[in-house]
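A quick write-up on the structure given underneath.
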Amino acid sequence: GGCHGTVRSVATDTSSSSYIIIMSSSSSSSISISLLAVVMLALGYTFSRERTTQQQQLHDQVAELQRQMNQLATTTTTTSDIAHPEHRFLPTKEQDERSLSCACDMPTGFTYASDFGVIGDATADDTLALQAAIDSASANDSGGIVVIPKGTFRIFEPLIVPAGVSLQGQGYGDSPLAISFDAGASTIAYCGTDYAVKLEGHAAGLRDLAVYDWPYGTDCENIQAAGGVLVEADAALVESVIVSNIFIYFFLGGPALSLVAKNSAGIAFGNYQNVRIRHAKQGISLQAEESSFVNSNSFLAGGMSGGGFEVGVIAQGPGACNDNKFYGMFIEPPDTTLTHVYVSGAKTNVKFHDVRLEATSKSLDKPIVIIDDSSYGNVMNGLLGHTHVQANLNRNPDIDLMSAKSVGMDPAPKNLYWNSAFKGYNADDRMMPGFSLVGTNAAITILEDSDEMLFPDHN
């Protein structure tokens, strides 16, 4: 809207025969647009040495401009050099401060847990401070991403992360095998009998930190947590949860990561990336109670190893628990008391793509995968390092794990009679899985000679 200042000097550049006007700005005066036009004309005009008349005219114009601006100047000025007509006039300090005051009225960015008094020295109780930061983000008083600094933060109650809020640390350190306390990591050290962290709403998140069932100190040494991270839907729908770059360590009393839907609830479309699990009773547990569902969640990379495992991945009903996909994951505890992968329920299945299953210490007569006969439509491909799969492959024809250490019976892909071996026929009530024998027009003859049987229970 105008320009204000004082012409300090006019210098001639003899090498280029051009003029440079040096001006200083004033915070309390202004000149008309016509005066600004004169300045811009003077700045952009180049003279030859021979055109003395035009030079004199320029001097006269500058002198007139100096006279008018001296009349308008009322305060002490600061100098800014302008050496090219395309350069903009710089704002004064007062103008800068006015601009900043407008920005300060805008919503703030991240929520910093350090502003709420967290300490992170592995000794202090940081439960209330961390939860206060999360609650502030949830109430829209600050940004929805709660940033935790490096440190070890002891908590004695579960951290409740509601919808739209993400808890984000500085990474889990320099080791995927044990908690690292000296590499700038953020560690949630839980001392209690519940789950350490609970994600309870749409788009809740947990990123870049370690969660540890803390065993140190006289107040924690004999306490065992129920589990590490719980995604829970109770009479509600929970979608699009994000868990990324998390190290879950030493939860020997329950699941490291658990998805549970109950009371006509559902968990769907979650994204779990690079979840690293070390030493746990259960690695990943998916459970849908009756009338609830846990469907179409994705698990990318990551995996589990170490000791204490009952099962690596477990998926079970009786509710719908299907189409949960695992990509590029490894499941390699040396042994598990039950199995590495267990699937149960008529509405339950899993889809494993390019997974690695290893069990270096498991007895060869124990399966590394158990698919209950009630489950069908499971998909598994990748590497099977040890032992074998226990499953009805007729109901699960897409189980195709590569192994040089075990063999199995793979059904024909186009087998229209999936029970063509007539397994499970009961002669007393004329019942056979996969067939409906209505009336008396089905002539059935059973070979009684055991030598004629393919193997026990097949007729």
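- Remark: the Ser264 side chain and the Ser291 side chain contain an N/O donor-acceptor pair separated by less than 3.5 Å.
- Relative orientation of the Phe326 and Phe299 rings is parallel, given thresholds of 30° and 60° on the angle between their planes.
- The number of heavy-atom neighbours closer than 6.0 Å to CZ of Phe293, taken from other residues, nucleotides and ligands shown, is above 12.
- With no hydrogens or angles considered, a side-chain donor-acceptor pair links Ser305 and Arg278 at under 3.5 Å.
- By the 4.0 Å N-to-carboxylate-O rule, Lys262 lies too far from Glu290 to be salt-bridged with it.
- Side-chain N or O atoms of Thr187 include none that pairs as donor or acceptor with a backbone N or O of Ala189 at under 3.5 Å.
- Checked by atom type and distance alone, the side chain of Thr127 pairs as donor or acceptor with a backbone atom of Phe156 at under 3.5 Å.
- For the pair Tyr272 and Leu257, the minimum side-chain heavy-atom distance is below 4.5 Å.
- With a 6.0 Å radius and a threshold of 12 heavy atoms from other residues, nucleotides or ligands, Lys198 has its NZ atom above the threshold.
- The aromatic rings of His353 and Tyr327 lie parallel to each other, their planes meeting at an angle below 30°, with 60° marking the opposite boundary.
- Residues Gly173 and Ala185 approach most closely at N-CB, 3.4 Å, considering heavy atoms.
- Between Phe247 and Tyr249, the angle of the ring planes lies from 30° to 60°, which puts this pair in the tilted group.
- In this structure a side-chain-to-backbone donor-acceptor pair under 3.5 Å is present from Thr348 to Ser344.
- Looking at Asn297 and Asn324, their side chains do bring a donor and an acceptor atom within 3.5 Å of each other.
- Residues Asn295 and Asp323 have side chains that never bring a donor and an acceptor to within less than 3.5 angstrom of each other.
- A donor and an acceptor atom, one from each side chain of Asn274 and Asn245, are located under 3.5 Å apart.
- Lys362 and Thr336 are linked by a side-chain donor-acceptor pair at a separation below 3.5 angstrom, with hydrogens and angles left out of the test.
- Within the 4.5 Å cutoff, the side chain of Ile223 has heavy atoms near those of the Thr193 side chain.
- Between the side chain of Thr339 and the main chain of Pro367, a donor-acceptor pair closer than 3.5 Å is present.
- At distances below 3.5 Å, at least one donor-acceptor pair connects side-chain atoms of Ser186 with backbone N or O atoms of Pro149.
- Residue Phe116 places its CZ atom among more than 12 non-hydrogen atoms of other residues, nucleotides or ligands, all under 6.0 Å distant.
- Taking every heavy atom of both residues into account, Ile399 and Ala391 meet most closely at CD1-CB, 4.1 Å.
- His386 contributes no side-chain N or O that, together with a main-chain N or O of Glu358, makes up a donor-acceptor pair within less than 3.5 Å.
- Between the side chains of Asn378 and Asn349, no donor N or O sits under 3.5 Å from an acceptor N or O.
- Between Ile371 and Met380 the shortest side-chain heavy-atom distance falls below 4.5 Å.
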Quick one: do Val275 and Ile248 satisfy side-chain contact (heavy atoms from CB on, under 4.5 Å)? Show the steps, please. CA-CA 8 Å; Val275 176; Ile248 308 177; 4.0 Å; yes
Quick one: do Leu259 and Gln287 satisfy side-chain contact (heavy atoms from CB on, under 4.5 Å)? Show the steps, please. CA-CA 6 Å; Leu259 280 62; Gln287 184 175 357; over 6 Å; no
Check the pair Ser298, Asn271 against side-chain hydrogen bond (donor to acceptor under 3.5 Å, both in side chains), reporting the backbone distance first and the verdict last. CA-CA 5 Å; Ser298 297; Asn271 191 292; 5.6 Å; no
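- Here the side chain of Gln170 pairs a donor or acceptor atom with the backbone of Ile148 at under 3.5 angstrom.
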Could you go step by step and tell me if Val341 and Ile370 meet the side-chain contact (heavy atoms from CB on, under 4.5 Å) rule? CA-CA 6 Å; Val341 180; Ile370 297 177; over 6 Å; no
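- In terms of modelled atom types and a separation under 3.5 Å, the side chain of Asp354 and the main chain of Gly382 share no donor-acceptor contact.
- Without hydrogens or angle criteria, His340 side chain to Gly312 main chain gives no donor-acceptor distance under 3.5 Å.
- Counting non-hydrogen atoms of neighbouring residues, nucleotides and ligands closer than 6.0 angstrom, the CD atom of Glu157 reaches no more than 12 such neighbours.
- In terms of modelled atom types and a separation under 3.5 Å, the side chain of Asp126 and the main chain of Ile119 share a donor-acceptor contact.
- A heavy-atom distance below 4.5 Å is found between the side chains of Tyr190 and Pro158.
- Using modelled atom types and a 3.5 Å distance limit, the side chains of Ser375 and Arg395 yield no donor-acceptor pair.
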Asn392 vs Asp373, side-chain hydrogen bond (donor to acceptor under 3.5 Å, both in side chains): CA-CA, chis, key distance, verdict: CA-CA 6 Å; Asn392 185 335; Asp373 282 349; 4.7 Å; no
